[in-house]
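Please read the structure below before turning to the comments.
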Amino acid sequence: MTKPVLVSFKLCPFVQRSVINLLEKKVDYDIKYVDLANKPDWFLKISPFGKVPVLQVGDDVIFESAVINEYLDETNAPALHPSDPIQKAKHRSWTEFASALLVDQYGWTMAKEKADSDKKRGELISKFKILEATLPTPSGNQLYFAGSQMHLVDTAFAPFFMRQQFLADHNSDFYLLGDFPKIQKWSETLLSLPSVKNSVLPEVPKEYIEFIKAHHSWMGGIL
Ligand SMILES: N[C@@H](CCC(=O)N[C@@H](CS)C(=O)NCC(=O)O)C(=O)O
């Protein structure tokens, strides 16, 4: 198989999902980093909307993280999507939800005024209530979306939980999972996996906080 090339921006949570998959599946791949504030021409030529991630496979280019991950899942063992069509459809629906959470999280961190930041925090908490109710009851120390086994949908949520942890490490007021024991256990399970831990460069926790501060958001001012 041609060695795939993942095009990344260091801080992008959507790219991180694909890295987790590549690591879980032990795929031999290359990674190229671009600066989204200064996009190189070669990148603009291959990424239809100027976004990361894109995955180059020979002369073909695939975009959208959920699609890249399904492609990786179909072409590399172990299969992480359920084979049952209904279960697979449900996992896809919750992957969409995970993408919305990432957008909400970004909005929360970037809000210029406290009132707007608080509103976005409230929206995240409302979504956690729905998520908590859909998760299975843990039967041991670990919890994944579907119980005891990891699936593709888990890789869609892990970058969100990692950023939540980065924020909480700087200011515990920004830890939002305290009232949601199942989500909290799920987050701990995912953040303990080597594929998740190794899915970002070592400087990312620090640079994530610096990125928020550099945008002069309300949160950046008190982190
Ligand atoms: N729905 C897309 C979202 C990808 C996305 O929004 N990527 C951001 C970086 S995290 C991006 O490339 N933004 C372009 C820019 O900042 O110009 C996916 O899942 O791949």
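Counting starts at 1 for both ligands and their atoms, following the listed order.
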Got a sec: does the CD of Glu203 have more than 12 other heavy atoms crowding it under 6.0 Å?
-> yes
Return the closest protein heavy atom for [atom] as residue, atom name and distance.
atom: atom 9 (C) of ligand 1; value: Cys12 SG, 3.5 Å
atom: atom 15 (C) of ligand 1; value: Lys39 NZ, 3.6 Å
atom: atom 16 (O) of ligand 1; value: Leu36 CD1, 3.8 Å
atom: atom 20 (O) of ligand 1; value: Ser65 N, 2.9 Å

Applying a strict 4.0 Å limit to heavy atoms, is Pro53 in contact with ligand 1?
->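 Yes; Pro53 lies near enough to ligand 1 that a heavy-atom distance drops under 4.0 Å.
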Geometric N/O contact Glu64 with ligand 1, under 3.5 angstrom =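 N/O-N/O distance under 3.5 Å: yes.
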Is there at least one pair of N or O atoms, one from Val52 and one from ligand 1, spaced under 3.5 Å apart?
-> yes
Please identify which atoms of ligand 1 are closer than 4.0 Å to at least one heavy atom of Gly50.
->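 Those atoms are 14 (C).
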Let me have the donor-acceptor pairs involving side chains of residues 48-68, under 3.5 Å, with sequence neighbours excluded, atom names and distances please.
unit_1, atom_1, unit_2, atom_2, d
Ser65, OG, Arg17, NH1, 3.1

Determine, for Trp108 and Lys119, whether the Lys NZ or Arg CZ falls below 6.0 Å from the six-membered ring centre while staying within 45 degrees of the axis.
-> no
Is a salt bridge present between Lys127 and Asp104, judged by a nitrogen-to-oxygen distance below 4.0 Å?
->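 Looking at Lys127 and Asp104, the cut-off is met.
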Note: Lys206-Glu210 ion pair, threshold 4.0 Å (strictly below) | yes
Is there a side chain to side chain contact (heavy atoms under 4.5 Å, CB included) between Trp42 and Lys32 once you walk through the steps?
-> CA-CA 11 Å; Trp42 65 264; Lys32 284 185 196 164; 3.8 Å; yes
